[in-house]
2 protein chains.
Amino acid sequence: MDKTKFARHATSPRQGAQAIRRALAVLRILAAGGEAGVPLAEVVQATGLTRPTVHRIVHVLIEEGIVERNERSGHYAIGNQVPELALARPRPSRLLIAANPSLQRASAEIGDTLFLTVRTGNDTLCVDRRIGIYPIQVLSIEVGARRPLGVSSAGVAILAAMPAQDARKIVAANEKRFETYKTDMATVLGEITAARRLGYGMREIGLIQGTKSISTWIKTPDGQPAAAMTVSAVRTRLGPRREQEVADILLREAKVIEQAIGG
Amino acid sequence: MDKTKFARHATSPRQGAQAIRRALAVLRILAAGGEAGVPLAEVVQATGLTRPTVHRIVHVLIEEGIVERNERSGHYAIGNQVPELALARPRPSRLLIAANPSLQRASAEIGDTLFLTVRTGNDTLCVDRRIGIYPIQVLSIEVGARRPLGVSSAGVAILAAMPAQDARKIVAANEKRFETYKTDMATVLGEITAARRLGYGMREIGLIQGTKSISTWIKTPDGQPAAAMTVSAVRTRLGPRREQEVADILLREAKVIEQAIGG
DNA sequence: TTGGTCTTGTCCATAATATGGACAAGAACG
DNA sequence: CGTTCTTGTCCATATTATGGACAAGACCAA
């Protein structure tokens with residue numbers, strides 16, 4: 001069904017573990033649901049698996065403590081044991097350390113909310129957030145927020161920074177999930193093209209009504225985009241003139257971060 | 001093979017997901033290996049699975065980014081994507097918040113290193129650590145350290161606080177893993193009995209030569225032990241007299257924490 | 001060199017497992 | 001009290017994961 005997935009070093013896509021891969025696909029969808037969780041039907045729709053299969057997977061994961069069920073809503077969410085497993089890893093990533101001074105500087109200069117977002121698989125994941133000094137702040141996105149690549153301005157920026165073909169593959173893989181976020185492939189592809197032309201990602205309508213976002217991409221030494229830096233503000237605060245100013249600051253700091261992780 | 005596992009509300013242990021359960025068993029063993037990771041052979045021995053099976057599981061998980069391989073040692077460890085999934089959960093647990101003042105107080109009073117350890121499945125997991133003011137501190141155990149229940153004094157304390165039958169089941173389930181930690185079922189069961197008699201867990205020989213540990217258990221409102229509070233110090237600093245003093249402080253604070261999570 | 005003893009990695013016939021179509025049951029709505 | 005949502009369950013079946021046997025590489029000693 002999906003002939004995508006070509007691992008880096010020509011590693012043949014190993015078989016004999018369909019169930020495990022499916023369980024992980026389910027987990028990633030649940031992760032995108034955050035604390036609130038995701039109804040079963042949405043997991044079914046997003047993964048393309050059948051309902052009995054998703055049901056079985058989810059309930060086994062519950063028994064194992066990997067997934068929890070919100071008794072009020074019936075939605076499923078990432079469980080207790082996932083952070084417990086995560087403790088086996090050392091705390092802050094290279095990127096987070098490298099980006100820290102830039103976020104500090106840009107936040108002070110701009111005054112609006114700043115986000116650092118990484119790519120993980122076909123998703124974006126918000127890994128850091130700085131609240132600015134301006135009294136109206138867009139706080140819609142929490143650290144840990146996860147969305148399909150393409151639905152946020154950060155996602156569009158990251159896609160714009162990769163080879164067109166790769167970007168198209170990811171967008172296609174996410175197609176089933178776009179519905180939930182009220183967008184579609186054509187719109188996303190259009191935004192990616194626009195971002196390439198501009199040199200940064202931009203959204204007149206953010207995920208929240210009346211907000212606007214600007215994102216620059218951050219590439220690893222090998223040219224792959226690994227992250228994006230985003231400013232979100234109420235739209236009136238980001239007119240054409242200020243948009244350019246903000247974008248310039250973001251572009252400057254993105255370069256600094258690229259140096260820090262490259263050298 | 002294992003007829004254990006009876007879920008709380010008489011939920012029948014669901015079937016149709018052997019592979020997923022096995023993958024999780026593997027993951028938990030890898031988590032116990034921490035940053036350094038675990039050689040394949042040890043995963044095989046600890047899980048009781050066959051080598052081809054473990055090999056296949058581990059490599060699929062690598063392709064999925066859930067597991068990483070240390071190229072120097074060839075050992076396998078928990079990968080990048082696990083903390084990423086964990087971000088979908090809100091940060092600090094109830095227990096961590098409730099225990100904070102007690103850890104603060106006990107640490108100031110005692111002066112040696114304090115650990116807060118929870119039970120997760122058949123493992124103990126260190127979730128907090130306070131370094132005391134005394135110049136010689138036992139820092140062997142990091143936050144995130146994971147061990148089979150029974151090999152640390154915290155584990156013994158937690159087992160001592162549960163119904164004897166449950167404790168025996170867990171110890172039996174961990175039997176295969178004790179070898180790695182140079183202990184065995186008989187020893188562990190003996191220590192549990194001793195801890196029950198004393199009212200707290202104690203180890204003349206900690207996981208590091210020349211250290212001694214004292215642990216009290218913390219029970220949830222329903223009587224299940226959920227955590228342990230441990231003091232570790234060089235043995236000479238914990239003679240019989242001071243042992244009693246330290247144990248009394250720990251027992252007192254354990255009660256306080258039980259109140260905080262109970263009320 | 002050869003032989004021994006460790007590892008990890010791979011193959012593939014086969015048994016066992018996960019699959020999903022069809023059905024059930026409950027909730028919300030008008 | 002039908003309609004349309006949702007989630008949950010059953011079980012015959014074919015797809016999938018399994019593991020015995022074998023391979024290959026690393027290291028050590030004689």
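First the proteins, then the strands, lettered A, B, ... as listed; each starts at 1. Side chains included, hydrogens not; waters and symmetry mates left out as well; all remaining heavy atoms used.
Of the charged side-chain nitrogens involved, at least one lies within less than 4.0 Å of a carboxylate oxygen, so that A:R203 and A:E191 count as a salt-bridged pair. B:K219 has no carboxylate O lying under 4.0 Å from a charged side-chain N of B:E258, or vice versa, which leaves the two without a salt bridge.
Across the protein-nucleic acid pair, A:I20 atom CD1 and D:dT16 atom C1' stand 11 Å apart, rounded to whole Å. Rounded to whole Å, the distance from CG on A:L49 to C1' on C:dA18 is 12 Å. The nearest whole Å value for the distance from the CG atom in B:L40 to the P atom in C:dT10 is 11 Å. In this structure, CD of B:Q15 is placed 11 Å from P of D:dC11, rounded to the nearest angstrom. As rounded to whole Å, 15 Å separates atom C1' of C:dT8 from atom CG of B:N70. For the pair B:Q18 CD and D:dT18 C1', the computed distance is 8 Å after rounding to whole Å. Summarising the geometry, the separation between CD on B:E71 and P on C:dT8 is reported as 13 Å, rounded to the nearest angstrom. The interatomic distance linking A:E42 (CD) with D:dT7 (C1') rounds to 15 Å, in whole Å.
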Would B:E35 and A:R89 count as a side chain to side chain contact (heavy atoms under 4.5 Å, CB included) if you check the C-alpha gap in whole Å, the side-chain angles of each, and the deciding distance to 0.1 Å? CA-CA 6 Å; B:E35 275 189 76; A:R89 284 230 118 203; over 6 Å; no
Stepwise side chain to side chain contact (heavy atoms under 4.5 Å, CB included) test for A:L85 and B:R28: CA-CA 7 Å; A:L85 289 169; B:R28 287 192 262 260; 4.1 Å; yes
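In this structure, A:T50 does not reach the C:dT19 phosphate: none of its side-chain N or O atoms is under 4.0 Å from OP1 or OP2. Residue B:Y76 has a polar side-chain atom (N or O) positioned under 4.0 Å from OP1 or OP2 of C:dG9. Distances shorter than 4.0 Å separate none of the side-chain N or O atoms of A:R22 from OP1 or OP2 on D:dT16. The side chain of B:R56 contributes an N or O atom lying less than 4.0 Å from OP1 or OP2 of D:dT18. Contact between the side-chain N/O atoms of B:R69 and the OP1/OP2 oxygens of C:dG9 is found at a separation under 4.0 Å.
Partner of A:I66 under the side-chain contact (heavy atoms from CB on, under 4.5 Å) criterion, chosen from A:E63, A:E64, A:E68: A:E64.
Across D:dG8, C:dG20, D:dA17, the shortest atom-to-atom separation from the side chain of A:H55 is found for D:dG8. For A:P52, taking side-chain heavy atoms from C-beta onward, the closest of the listed nucleotides D:dA17, D:dG8, D:dC10 is D:dC10. Of the listed nucleotides (D:dT9, D:dT18, C:dT8), C:dT8 has the atom at the smallest distance from the side chain of B:A41. Among D:dT16, C:dA18, C:dG20, the nucleotide with an atom closest to any side-chain atom of B:A19 is C:dA18.
Between the side chain of B:R51 and the base of D:dG19 there is no donor-acceptor pair of N/O atoms closer than 3.5 Å.
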